[in-house]
> 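Sharing a structure with you now.
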Amino acid sequence: MRAIVVHEAGGPEVLRLEEVGDPAAANGQVLVRVEAAAVNHFDINQRMAPEMTGASPPFTPGVDAAGTRVDTGERVLVTGAPGTYAELIAADPANVRPIPDSLDFERAAGLGVAYKTAWASLADAELKAGEKLLVQAGSSGTGQAAIDIGRHLGSEVYATAGASKHDRLRELGAEPFAYDDERIAELQADVVFDPVLGKGIDQSLSALAPGGRLVTCGALDDPVCSINMWTVVGKRLRIIGSGGASVTPEQLDHLIELVAKGELRGPVVDRELPLAQAAEAHRLIEERQTFGKVVLKP
């Protein structure tokens, strides 16, 4: 089969399309023929620093895909299974969930990491109907998922992005802000979803109302942050770490059902690219030229 293989850490150019042996479904695993593989920021981190993500070159990146089971022909989502940038993948049954015919492979692939992460984060932040939610980096895959889930929960949603993406944010139901908009400090948000951190954490904290909660699932910027603790103490703020690993298979099935019924909009697919253009997909995401998910087609 064909797969993307990384032989050494580096830039997008290290993503190489190669012919490799077909995977074997061992120890009860399920073999899935991949129709679409979603690109996540985790994949970029894995490519740049494999040792930080538990990978060891040579390896095939990717953890989200959708396709068909080889044994039954059932349409499925595969998530949390390493090696999805390939034509075939062997995955544990808990990582393989059925999807309805109404959900296409491309959007199904985008449901994995992004929606699990956003769902867990907003649950950990205890977001309630009627509360204000600020989503930092709203045009990212996880940011778009947080907007979608926030709207589903009945919150009033605001989001940051570059000016060229503001109309797209409005279409999703979020009021857009530029990253440097002075109104953010006056927002009085109940929850801020911040997957960026770095120097921007001060802005996220300033956006919160007294008793507000900042929830983060990672750091697209610098994970080492300097915080004015007087802001945290004075406003009785909470900073919460979260992530999609806590989402159970049953909860993921519920997310799939919500998208299938139209109660959640589901992933926005920015573009589809051939598997051979995995390097281009990474470049586009790193240069912030995308809105939502980029999907690779084997």
Side-chain angles (χ1 to χ4, degrees), residues 110-111 114-197 200-218 220 231-232 234-244 246-247 251 254-255 257-259 261-268 270 288 291-293:
L111 263 175
Y115 270 73
K116 288 192 300 181
T117 300
W119 182 270
S121 295
L122 297 183
D124 286 342
E126 300 176 348
L127 180 67
K128 302 177 184 65
E131 290 190 319
K132 283 186 180 180
L133 167 67
L134 173 64
V135 177
Q136 297 280 28
S139 65
S140 67
T142 306
Q144 179 260 309
I147 293 170
D148 195 9
I149 293 167
R151 292 281 295 171
H152 170 71
L153 294 174
S155 65
E156 183 180 338
V157 184
Y158 300 80
T160 58
S164 64
K165 300 176 180 179
H166 283 189
D167 286 343
R168 300 287 300 277
L169 290 178
R170 290 189 183 95
E171 291 173 6
L172 296 180
E175 179 63 28
F177 286 132
Y179 287 108
D180 59 355
D181 196 313
E182 294 180 355
R183 294 175 297 168
I184 293 175
E186 303 169 358
L187 187 58
Q188 297 288 292
D190 299 286
V191 173
V192 173
F193 173 75
D194 188 350
V196 183
L197 296 183
I201 193 170
D202 283 341
Q203 181 195 64
S204 291
L205 293 172
S206 71
L208 286 167
R213 294 89 74 194
L214 185 153
V215 62
T216 181
C217 58
L220 300 180
T231 302
V232 177
K235 295 168 70 175
R236 308 183 315 282
L237 305 179
R238 284 190 286 154
I239 300 174
I240 303 162
S242 187
S246 65
V247 174
Q251 288 172 323
H254 180 57
L255 279 170
E257 182 182 11
L258 290 175
V259 175
K261 289 181 175 180
E263 295 181 34
L264 281 174
R265 178 173 184 148
V268 173
D270 181 85
R288 297 187 176 184
F291 189 99
K293 302 298 294 183

> May I ask you to decide if Ala118's main-chain N or O and Ser121's side chain share a donor-acceptor pair within less than 3.5 Å?
no
> Can you check whether Gly138's main-chain N or O pairs, donor with acceptor, with Lys165's side chain at less than 3.5 Å?
no
> One pair to check against side chain to side chain contact (heavy atoms under 4.5 Å, CB included): Phe291 and Leu169. What are the steps and the verdict?
CA-CA 9 Å; Phe291 189 99; Leu169 290 178; 4.0 Å; yes
> I want to check something: taking the side chain as every heavy atom from C-beta on, are Trp119 and Leu258 in contact at a cut-off of under 4.5 Å?
yes
> Do Leu214 and Ile201 have side-chain heavy atoms sitting under 4.5 Å apart?
yes
> Kindly give the heavy-atom pair with the smallest separation between Leu127 and Ser155, and that separation in Å.
CD2-OG, 3.7 Å
> Working to the nearest 0.5 angstrom, can you tell me the gap between Ile239 CD1 and Arg213 CZ?
13.5 Å
> Mind checking the CG-OG spacing from Asp270 to Ser140? Nearest 0.5 Å is all I need.
12.0 Å
> To the nearest 0.5 Å, what is the distance between CD on Glu171 and CZ on Arg265?
6.5 Å
> Considering all heavy atoms of both residues, which atom of Gln136 and which atom of Ser204 are nearest to each other, and what is their separation?
NE2-OG, 3.0 Å
> Does Asp148 use its side chain to pair, donor to acceptor, with the backbone of Leu264 at less than 3.5 Å?
no
> Which word best sums up how the rings of Tyr158 and Phe177 line up, parallel for under 30°, tilted for 30 to 60°, or perpendicular for over 60°?
parallel
> Taking C-beta and beyond as the side chain, do Gln188 and Pro210 meet within less than 4.5 Å on heavy atoms?
yes
> Check Ala137 against Thr160 and note the closest heavy-atom contact, atom names and distance.
N-OG1, 3.0 Å
> Which atom names give the shortest non-hydrogen contact between Glu131 and Lys128, and what distance separates them?
OE1-N, 2.9 Å
> Gln144 side chain to Gly266 main-chain N or O, any donor-acceptor pair under 3.5 Å?
yes
> Is there a side-chain contact between Leu187 and Val192, using heavy atoms and a 4.5 Å cut-off?
no
> Mind checking the CZ-CG spacing from Arg236 to Leu208? Nearest 0.5 Å is all I need.
12.0 Å
> Drop me the distance from Leu122's CG to Thr117's OG1, to the nearest 0.5 angstrom.
10.5 Å
> Would you call Arg238-Glu126 a salt bridge at under 4.0 Å N-O?
yes
> Side chain to side chain contact (heavy atoms under 4.5 Å, CB included), that's the test. Do Phe193 and Thr142 meet it? Break it down for me.
CA-CA 10 Å; Phe193 173 75; Thr142 306; 3.4 Å; yes
> Between Tyr179 and Gly162, what is the shortest heavy-atom contact and its length?
CE1-N, 3.6 Å
> Roughly how far, to the nearest 0.5 Å, is the CD atom of Glu263 from the CZ atom of Arg151?
14.5 Å
> Which heavy atom of Ala209 sits nearest a heavy atom of Leu237, and at what distance?
O-CD2, 3.4 Å
